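The structure appears right after this line, and notes come after that.
Computed over heavy atoms, backbone and side chain alike; hydrogens, waters and symmetry mates excluded. Just so it is clear, the model here is predicted, and its values are computed rather than measured.
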Amino acid sequence: MTQKTWPLNCWYVAAMADEVSDKPFGRIVCNLHIVFYRNTQNQPVALEDFCPHRGLPLSLGYIEGDEIVCGYHGMKVSCQGNCHSMPGQDVRRMKGINAYPTVEKYGFIWLWPGDPTLADQTTIPALDWAHAADWAYGGDYYHMKCDYRLLVDNLMDLTHETYVHRSSIGQKEIEENAPETYREDGEVRVKRDMYSIVPPPFWGDALEANQLPRDAQCDRWQVCRFVPPSQVMIDVGVALAGTGGQNAPTEKRAAAIVVDLITPETETTCHYFWGMARNFNVNNPELTTTLREAQGKIFAEDLEVLEEQQASLLRNPQRRLISLNVDAGGVHARRVIDKLIQQETETPNNT
Amino acid sequence: MTQKTWPLNCWYVAAMADEVSDKPFGRIVCNLHIVFYRNTQNQPVALEDFCPHRGLPLSLGYIEGDEIVCGYHGMKVSCQGNCHSMPGQDVRRMKGINAYPTVEKYGFIWLWPGDPTLADQTTIPALDWAHAADWAYGGDYYHMKCDYRLLVDNLMDLTHETYVHRSSIGQKEIEENAPETYREDGEVRVKRDMYSIVPPPFWGDALEANQLPRDAQCDRWQVCRFVPPSQVMIDVGVALAGTGGQNAPTEKRAAAIVVDLITPETETTCHYFWGMARNFNVNNPELTTTLREAQGKIFAEDLEVLEEQQASLLRNPQRRLISLNVDAGGVHARRVIDKLIQQETETPNNT
Amino acid sequence: MTQKTWPLNCWYVAAMADEVSDKPFGRIVCNLHIVFYRNTQNQPVALEDFCPHRGLPLSLGYIEGDEIVCGYHGMKVSCQGNCHSMPGQDVRRMKGINAYPTVEKYGFIWLWPGDPTLADQTTIPALDWAHAADWAYGGDYYHMKCDYRLLVDNLMDLTHETYVHRSSIGQKEIEENAPETYREDGEVRVKRDMYSIVPPPFWGDALEANQLPRDAQCDRWQVCRFVPPSQVMIDVGVALAGTGGQNAPTEKRAAAIVVDLITPETETTCHYFWGMARNFNVNNPELTTTLREAQGKIFAEDLEVLEEQQASLLRNPQRRLISLNVDAGGVHARRVIDKLIQQETETPNNT
């Protein structure tokens with residue numbers, strides 16, 4: 001690859017918190033093969049997934065105390081990636097492996113794949129709903145065989161809902177109401193309002209879950225927010241028509257945040273941590289399950305389209321993506337990404 | 001690929017007529033990814049299978065009137081490959097995609113992958129039996145992982161029947177009777193006559209279907225006709241010995257045309273539309289089915305051999321195919337193909 | 001591949017004797033596609049697996065007398081690789097294919113992939129147990145997706161037993177007792193003795209099979225012997241403590257030779273003919289079966305580790321294997337291999 005397609009000096013979601021335990025867990029992030037585990041303080045550890053002795057992935061080994069033990073000849077590696085010990089050998093001066101800054105926050109394991117001296121936990125984007133008592137969250141993970149930026153494009157242009165998600169959240173009013181694209185608070189935002197519409201099935205269900213009639217005349221909103229380097233938070237909802245839309249009182253609306261935490265795996269594959277945070281009917285775990293399953297079906301439709309799109313683009317390297325009005329959100333997001341990459345490239349002490 | 005292996009300015013069979021409908025259908029022809037569908041006049045349409053907006057294959061979309069609609073964001077493309085419309089966008093001046101001349105004839109969809117200004121329907125090779133009341137036809141499609149020319153070679157040298165099709169149409173007299181190779185009517189022909197032989201099982205069945213004894217002493221003929229760029233029609237049959245062979249009266253013989261319509265997919269794969277046209281017992285659809293199934297089994301034997309041959313040749317790039325007497329038909333056919341390619345390459349306005 | 005990874009002028013085990021019969025059998029050895037069969041004298045024949053006519057693998061054909069017949073058009077090739085005959089053709093002056101020196105010995109088919117004029121049967125390493133009445137042998141074949149040298153490394157450093165084979169032959173005393181590495185009789189040897197240990201389960205079973213108590217205090221030994229180019233014979237066993245170890249009387253010990261005959265297939269795959277020769281309870285075929293199954297499970301653990309190691313090394317081409325004390329056996333074995341390769345490269349008449 002001659003051109004970088006992602007910045008490295010930033011926090012990416014590498015795993016859901018419960019994926020990382022005292023059993024080693026291997027995953028590729030930004031082309032780096034990494035093994036994750038928890039040490040005796042229950043803190044997540046992220047090391048290069050390569051035994052410094054004979055190269056077996058450490059993820060095939062096991063954890064002993066704070067160290068990871070290679071499953072081939074017993075090389076022990078510390079949380080810092082140093083060679084700790086090996087039976088019958090003195091390995092303390094042996095060259096170790098990379099350790100990556102990693103943090104557990106908001107129910108996810110965050111990884112900093114770039115220069116470790118620049119890693120600053122306070123720059124992890126705030127996910128306020130994750131700590132709020134009046135919000136509930138459900139989500140899951142999909143592996144996607146597409147460039148992570150195609151998924152960002154997808155989420156920043158919701159006109160695709162009419163075509164890809166006809167039976168759930170699509171409706172013709174989406175493409176009839178042109179959105180507004182702008183930058184605010186370091187984010188790229190695409191805002192669309194639809195007035196006096198009949199909610200599509202997914203939102204009919206949500207109204208009912210909030211004790212409102214499923215076929216009420218409603219105002220519907222979508223605010224896609226691209227948070228660098230690769231998150232998209234979408235404020236979505238419907239409110240009884242004329243009650244204030246996104247600002248309507250809680251009992252007049254069903255509102256949620258579609259959460260899209262995206263992490264490059266390779267140039268043509270990515271990790272997709274998706275979910276929905278809602279502030280209605282929050283103490284109802286069955287509803288959480290129902291919503292997650294409904295959302296899982298919808299995002300599986302995106303997965304199919306995006307993998308087909310990626311394959312088609314790989315077959316046609318001479319082609320460029322064309323950007324129309326509807327693509328403005330994705331275009332701006334890519335400009336932000338490109339600028340982050342450019343800044344890293346120009347910084348001399350960056351790897 | 002540095003060297004072209006097929007001519008482009010000619011008609012290839014791209015599909016059986018019933019494969020193309022009002023649902024989009026994607027297929028690769030001569031390395032081109034193409035989507036096929038029928039417009040409101042029931043005419044076949046062939047377009048580049050690539051949405052000019054974001055690159056999703058159009059074959060994942062749907063048909064609306066004469067246009068094809070992309071399944072991602074609703075880009076509509078016309079039968080001519082022009083951007084027709086898109087919700088909330090003005091796309092009429094956007095660069096469209098390639099449209100390919102395509103014709104339905106003889107029960108097949110024919111495609112012209114080359115310069116569209118040179119496409120002339122009258123140059124589609126005549127398949128007279130397709131329209132004749134005293135002929136019946138049955139056939140099917142195989143995808144083959146081999147260079148289409150290996151399949152042409154196979155069909156122009158039937159000595160392989162003794163080895164590949166021992167239990168059905170092979171017999172030792174095939175290789176005992178050297179064929180004659182010559183050019184006639186723009187075709188390469190390989191003609192073999194066998195006199196006073198016992199018909200092999202396939203022809204025994206055919207004799208019985210024509211109310212003749214299956215074990216009668218017969219004269220057998222095979223005339224392989226290579227029709228450029230990549231068809232092989234084989235006149236085959238058996239007649240009671242001494243009654244005139246290929247010219248014997250209908251009631252003394254069982255005769256057929258083995259139909260082989262071959263289309264390059266990639267340099268190492270091809271489409272094989274095969275079948276059999278017969279002029280005996282034509283109003284017997286059960287016989288058509290029986291013959292198709294028998295032929296399908298025989299051609300599956302070729303498929304296995306040809307895919308193994310292709311893989312072996314790819315493993316041994318330093319090797320060349322050796323041509324012996326028996327290969328004269330294939331050698332001549334390849335010369336015809338090479339000349340067509342050379343003519344195209346020399347024509348300056350050709351792409 | 002710019003660098004050779006195996007010598008060619010030596011004998012490799014290509015097959016178990018019963019894999020080669022009067023049906024052609026195709027296998028890749030040292031990147032050469034080879035077809036094996038037995039001629040009318042029951043001698044093994046090894047030819048290039050490529051029909052000199054049209055390139056179909058000869059292994060898809062059949063044997064007729066001493067010749068192999070191609071399954072496509074009947075080309076007959078002699079045991080020497082010459083074109084013998086073909087129906088209706090004179091092929092005697094056609095260029096044939098390579099024939100490889102091959103010998104049946106010790107229950108295996110040995111192949112010489114290099115310069116045939118240098119092939120000397122007397123240089124096949126002696127496997128004395130194969131002919132001895134007081135020894136029994138059982139073994140099998142595994143295909144492994146790893147460089148054959150990784151398997152040699154594995155077998156020359158048995159500290160991996162503690163990690164890879166914990167439940168069968170591993171025990172902590174292995175890594176507590178440093179081995180001695182030395183060269184003797186043209187072999188690289190790694191010798192380890194463990195005194196007064198409790199035998200692990202596999203050896204407990206072996207003691208019982210030799211009418212000894214499974215939990216007796218024992219002395220255990222392991223002598224890994226690398227025999228160029230790619231065999232590892234491991235003298236292993238346990239004897240009642242203080243009775244002489246490897247030299248203890250037969251009734252006081254259970255001893256065996258772990259037989260590892262390794263043959264490169266490609267740069268990243270190999271053939272593994274493994275087994276165990278024992279000189280206790282030799283007239284007990286049920287025990288042979290039991291041991292083979294137990295050994296098969298153990299070596300399947302190695303297979304998994306080695307294939308993961310190979311994949312990891314391919315992902316990390318910038319990395320080098322690190323060699324510690326425990327790796328001395330493998331290091332010496334690779335030096336022997338490299339020297340053999342170097343000698344061939346410097347010899348001008350070598351292909």
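- With rounding to the nearest 0.5 angstrom, the CE atom of B:M75 is 5.5 Å from the CG atom of A:L324.
- Residues B:P57 and A:E308 approach most closely at CD-O, 3.8 Å, considering heavy atoms.
- Remark: A:R320 CZ to B:K95 NZ distance equals 12.5 Å, nearest 0.5 Å.
- Here the CG atom belonging to B:N31 is positioned 11.5 Å from the CZ atom belonging to A:R315, to the nearest 0.5 angstrom.
- Of all the heavy atoms in B:Y72 and A:L150, the pair that sits closest is OH-O, 4.3 Å.
- Note: A:Y163 and B:Y62 have parallel aromatic rings, judged against thresholds of 30 and 60 degrees for the angle between ring planes.
- Checking side-chain atoms of A:S312 against main-chain N and O of B:L56 turns up no donor-acceptor pair under 3.5 Å.
- Note that CE of B:M86 is 9.0 Å distant from CG of A:N325, once rounded to the nearest 0.5 Å.
- Under a cut-off of 6.0 angstrom, the local environment of CD in B:E304 is sparse, with at most 12 non-hydrogen atoms contributed by other residues, nucleotides or ligands.
- Side-chain atoms of B:R54 come within 3.5 Å of backbone atoms of A:I322 as a donor-acceptor pair (strictly under, hydrogens ignored).
- Residue B:K145 places its NZ atom among 12 or fewer non-hydrogen atoms of other residues, nucleotides or ligands, all under 6.0 Å distant.
- Once rounded to the nearest 0.5 Å, the distance linking NE2 of B:H73 with CG of A:D327 reads 6.5 Å.
- Here CG of A:N316 is found 7.0 Å from NE2 of B:H33. Values are rounded to the nearest 0.5 Å.
- The contact between A:L306 and chain B is made entirely by side chain atoms (from C-beta outward), counting heavy-atom distances below 4.5 Å.
- Contact annotation for B:C51: neither backbone nor side-chain heavy atoms come within less than 4.5 Å of a heavy atom of chain A.
- Heavy-atom contacts from other residues, nucleotides or ligands closer than 6.0 Å to CZ of B:R92 number 12 or fewer.
- Counting heavy-atom pairs under 4.5 Å between each of B:D49, B:L60, B:D90, B:V91 and chain A puts B:L60 at the top.
- More than 12 heavy atoms of other residues, nucleotides or ligands shown are found within 6.0 angstrom of CD on A:E176.
- Crowding of A:Y195 atom OH: a count of heavy atoms from other residues, nucleotides or ligands under 6.0 Å not exceeding 12.
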